[in-house]
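Just so you know, these numbers come straight off a predicted model, no measurement behind them. The chain is numbered in sequence order, starting from 1.
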Amino acid sequence: MTAKEYLQRIRDAERELRTVEREYQRARDDITNLKAMACDRDKVSSSRIGDLSDAIASLEKYAERVSAKMAALIAIREVAKNQLEQIKD
């Protein structure tokens, strides 16, 4: 793999990480916007997350994805760094 291809992999991994971080933030925002439900009215759901337990499970899932993407990005950077150091000037 060439240096250019390694750098492209790093850019792709960073883009994926930013996407997952945005999804994580969106899930956090959904949790903070949960409100009490009036039981005497028809149930209308305007949120993507139904209740607090669903919200917490969703947030944990996103946190795991963020951690996995970050670990993958660090590994790709290390491999690229080692490969670039081997290239003669």
Side-chain angles (χ1 to χ4, degrees):
M1 186 176 283
T2 66
K4 186 176 181 178
E5 290 169 334
Y6 272 111
L7 294 174
Q8 182 62 44
R9 282 183 60 196
I10 291 171
R11 281 191 294 271
D12 292 344
E14 288 173 341
R15 191 175 317 118
E16 289 175 16
L17 176 61
R18 283 191 303 272
T19 299
V20 172
E21 286 174 335
R22 280 192 302 269
E23 291 172 356
Y24 176 73
Q25 186 61 44
R26 196 173 309 128
R28 282 185 55 152
D29 292 344
D30 285 347
I31 288 174
T32 59
N33 292 327
L34 286 177
K35 297 181 181 175
M37 186 172 71
C39 296
D40 59 337
R41 297 183 187 159
D42 292 336
K43 183 177 178 181
V44 176
S45 178
S46 62
S47 176
R48 292 180 296 237
I49 298 175
D51 64 3
L52 189 56
S53 62
D54 291 341
I56 292 171
S58 176
L59 188 61
E60 288 175 351
K61 178 182 74 170
Y62 284 121
E64 290 171 4
R65 287 182 60 198
V66 169
S67 294
K69 292 288 184 182
M70 181 61 77
L73 176 60
I74 290 169
I76 291 170
R77 283 182 176 172
E78 287 300 315
V79 169
K81 179 181 171 186
N82 291 337
Q83 292 293 324
L84 292 172
E85 287 174 350
Q86 294 176 7
I87 297 174
K88 295 181 181 180
D89 291 334

[atom2] on [Y] to [atom1] on [X], rounded to 0.5 Å:
X	Y	atom1	atom2	result
Ser58	Arg28	OG	CZ	12.5 Å
Gln83	Glu78	CD	CD	12.0 Å
Gln86	Lys81	CD	NZ	12.5 Å

Using a 4.5 Å cut-off on heavy atoms from C-beta on, say whether the side chain of Gln25 contacts that of Arg22.
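Heavy-atom side-chain distance check fails, nothing below 4.5 Å.
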
Let me know which of Arg9, Arg77, Lys69 forms a side chain to side chain donor-acceptor pair (under 3.5 Å) with Glu14.
Arg77

Quick one about Gln8 and Asp12 (side-chain donor to acceptor, distance below 3.5 Å, no hydrogens or angles considered), yes or no?
yes

If the test is side-chain contact (heavy atoms from CB on, under 4.5 Å), which one of Thr19, Val66, Asp29 qualifies with Tyr24?
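Option passing the side-chain contact (heavy atoms from CB on, under 4.5 Å) with Tyr24: Val66.
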
